[in-house]
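Heads up: the structure comes next, in structure tokens.
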Protein chains: 2
Amino acid sequence: MKQKQNTLYVASLAKGLRLLQAFDERHTDLSLLELAQRSGLDKSATQRLANTLHMEGMLDKDPDTRRFRPSHAWLELAYAYYWSDPLVGQAIPKLIDLAQDLGETVNLTELSGDHIIYVSRLPCKRTYFAATIIGRRLPALSTSAGRAMLSTFPEAERAAAVENWPIKKFTPSTTTDRAKIRDSIEQAVVDGFAISTGQMILNEVGIATPIIGHGGRAFAAVQCSVSAHTYTREKIETEILPKLQDTANAISPSFQQQRGNGISLQGGA
Amino acid sequence: MKQKQNTLYVASLAKGLRLLQAFDERHTDLSLLELAQRSGLDKSATQRLANTLHMEGMLDKDPDTRRFRPSHAWLELAYAYYWSDPLVGQAIPKLIDLAQDLGETVNLTELSGDHIIYVSRLPCKRTYFAATIIGRRLPALSTSAGRAMLSTFPEAERAAAVENWPIKKFTPSTTTDRAKIRDSIEQAVVDGFAISTGQMILNEVGIATPIIGHGGRAFAAVQCSVSAHTYTREKIETEILPKLQDTANAISPSFQQQRGNGISLQGGA
DNA sequence: TATTGTGTATCATAATATGATATGCGGTCA
DNA sequence: TGACCGCATATCATATTATGATACACAATA
């Protein structure tokens with residue numbers, strides 16, 4: 001295992017973290033060997049590290065199948081995160097009101113490097129599972145929320161992001177043409193909001209308004225997802241947008257701190 | 001640092017985890033020295049471990065104040081947890097419907113040792129912050145959800161739990177008399193649901209129905225919190241309870257796996 | 001300017017993690 | 001039934017890796 005430079009880096013800890021990150025939507029429970037394969041560690045190391053994580057309550061272990069799974073401790077970490085994020089406390093009451101008012105699913109998203117992450121979600125209607133749980137990361141360029149945030153950035157940064165940030169194709173109608181994405185963002189600069197259709201799921205419309213923070217830049221957005229079957233563009237602009245913008249504007253002034261732009265805060269390479 | 005037995009336990013990893021667990025509702029961001037104090041590690045160890053966590057993206061670091069904070073990665077872990085918990089996928093759609101139907105806050109809780117933990121929350125009205133975020137752990141005996149789950153346990157285990165499990169006083173009206181808690185649970189055995197008043201917050205009423213799992217035992221519950229000012233006991237029993245029970249019953253049959261009773265799954269001591 | 005409380009960097013030492021190897025255990029197939 | 005296979009678990013000598021005392025840097029305060 002490569003030592004990342006030296007003496008200020010505890011490799012064992014990093015390896016242990018790699019084990020945690022081996023779990024995702026497609027890998028919900030893992031055997032020892034699977035864990036070893038997914039983490040790239042050898043059998044012995046995996047054994048010791050997984051055992052340690054189990055002892056410390058970070059991994060559950062099925063006594064019959066001997067397979068490991070995320071433990072409740074993972075939710076406790078999320079709990080601690082929420083208290084530490086100054087935006088969440090300000091936003092949640094207003095988001096609750098908004099969701100009840102609209103009767104549609106409302107999300108709070110933050111910028112995390114070149115992705116957005118769902119920090120808080122208030123589902124009001126049944127949808128697919130991934131749309132109901134927090135912590136999901138998506139390429140910023142492919143989401144209404146990401147485009148809304150980017151629209152508050154200086155022109156040069158917007159251009160750089162459009163050019164370099166990753167894109168992923170989720171549906172046949174996901175936009176992979178960066179020129180079109182640029183247009184969408186530039187439109188958001190004018191409008192103050194962003195709309196995207198069918199980027200993640202067919203016939204799903206996302207509407208997002210930026211939460212303006214430090215220096216006029218937005219690192220968060222209020223987002224709403226509705227069905228294209230029940231909402232026309234006009235209906236969205238008259239019924240949803242004003243309330244969405246009011247909510248974002250109401251959150252903005254009470255939130256002064258910058259966070260999570262992924263350049264200054266994150267270390268490593 | 002004591003080596004927990006030997007050779008199958010990586011102390012550095014455990015120490016790193018202790019650093020993560022140093023963050024909670026009262027400690028949202030920590031300096032290096034605070035981190036050292038709260039984790040019980042010396043300055044050098046803390047420095048190396050915190051630096052590693054930062055490099056790996058598990059801790060954000062404010063470039064000005066040099067203080068550490070939980071990173072978005074903590075939410076990603078929660079995301080992975082949700083996929084791994086077989087109950088959540090079954091429950092969420094039904095909980096959404098329930099919350100919309102009732103217009104009141106609905107929670108999904110699971111048993112985690114002798115505590116309950118909020119796994120999913122669907123707030124419909126403004127409340128205090130801690131009631132809106134997932135991952136909160138509370139002593140099972142002090143909650144309607146915990147009592148509802150316990151009511152499905154064999155008599156001997158119920159008795160043992162009432163006697164030994166922890167209690168914490170949150171409000172002046174939190175019940176600390178274990179005899180009364182026993183009565184409350186025995187009543188739930190008969191009724192099939194549990195109600196508690198003012199345990200966490202004054203004038204807050206909690207109503208919970210167990211989600212029956214493996215072998216008739218419940219390790220999860222559907223819970224609803226309402227204000228005693230707007231709901232009488234009768235109103236709760238007629239308007240809320242039937243729907244709550246329907247939801248719990250609808251989830252139960254589709255959920256066969258046992259999880260998280262905290263005895264068989266957790267290791268260590 | 002001196003001082004205190006921080007964060008950061010360095011380094012010799014030994015304690016700690018390493019990973020090859022061996023054992024145990026439960027299935028599956030002939 | 002017996003041999004086999006896959007996987008989890010245990011062991012142990014080795015040197016790689018973490019250790020923590022110490023020294024330095026920097027900012028805020030007095």
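The sequence lines fix the lettering, A, B, ..., with proteins before strands; numbering per chain opens at 1.
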| message | I'd like to know whether B:Glu157 forms a salt bridge (Lys or Arg N to Asp or Glu O under 4.0 Å) with B:Arg217, so could you lay out the CA-CA distance, the side-chain angles of the two residues, the decisive distance to 0.1 Å, and finally the verdict. | response | CA-CA 11 Å; B:Glu157 292 187 44; B:Arg217 294 161 68 104; 2.8 Å; yes
| request: Among the candidates D:dA18, C:dT8, D:dA8, find the nucleotide nearest to the side-chain atoms of B:Lys61. | output: C:dT8
| request: Verify, without hydrogens or angle tests, whether B:Gln90 (side chain) and B:Leu87 (backbone) share a donor-acceptor contact under 3.5 angstrom. | output: no
| message | Tell me whether the side-chain N/O atoms of B:Lys43 come closer than 4.0 Å to OP1 or OP2 in C:dG5. | response | no
| said: I want to check one thing: is the phosphate of C:dT18, taken as OP1 and OP2, less than 4.0 Å away from some side-chain N or O of A:Lys15? | reply: yes
| Can you check the A:Gln47 CD to C:dT23 P distance for me, whole Å? | 16 Å
| Interatomic distance, B:Asp42 CG vs D:dT19 P [rounded to whole Å] | 8 Å
| field | Step-by-step side chain to side chain contact (heavy atoms under 4.5 Å, CB included) determination, B:Ile92 to B:Tyr82 | value | CA-CA 11 Å; B:Ile92 282 193; B:Tyr82 281 121; 5.6 Å; no
| note | From CG of A:Asn51 across to C1' of D:dT9 the rounded distance in Å is 10 Å
| task | Report yes if at least one side-chain N or O of A:Ser12 is closer than 4.0 Å to OP1 or OP2 of C:dT16; otherwise report no. | result | no
| message | Just the rounded figure in Å: distance from P of D:dT16 to OH of A:Tyr9. | response | 19 Å
| Starting at CG of B:Leu49 and ending at P of D:dA18, how long is that distance when rounded to a whole Å? | 9 Å
| request: Can you tell me the distance, in whole Å, between the CG atom of B:Leu53 and the P atom of D:dA18? | output: 13 Å
| Has A:Ser31 got a side-chain N or O lying under 4.0 Å from the OP1 or OP2 atom of D:dA8? | yes
| Base, sugar-phosphate, or nothing for A:Leu33, non-hydrogen atoms under 4.0 angstrom? | sugar-phosphate
| Upstream residue (5' side of DNA chain D) when A:Val10 and A:Leu32 are each assigned their closest nucleotide | A:Leu32
| field | Nearest-Å distance for atom pair CG/P, residues A:Leu41 and C:dA17 | value | 15 Å
| A:Trp83 ring center within less than 6.0 Å of B:Phe129 ring center | yes
| field | Whole-Å distance separating the CG atom of A:Leu13 from the P atom of D:dA18 | value | 9 Å
| Could B:Arg137 and A:Tyr79 be counted as a cation-pi pair, given that NZ or CZ must be under 6.0 Å from the ring centre and within 45° of the axis? | no
| Nucleotide nearest B:Leu8 when distance is taken to its side chain, options C:dA9, D:dA10, C:dG7 | D:dA10
| task | State whether A:Arg66 places a side-chain N or O below 4.0 Å from either non-bridging phosphate oxygen (OP1 or OP2) of D:dC7. | result | no
| Where each residue is assigned the nucleotide of DNA chain D containing its nearest heavy atom, which of B:Ala45 and A:Arg67 is assigned the position nearer the 5′ end? | A:Arg67
| query | Is the shortest side-chain N/O distance from A:Arg48 to OP1 or OP2 of C:dT18 below 4.0 Å? | reply | yes
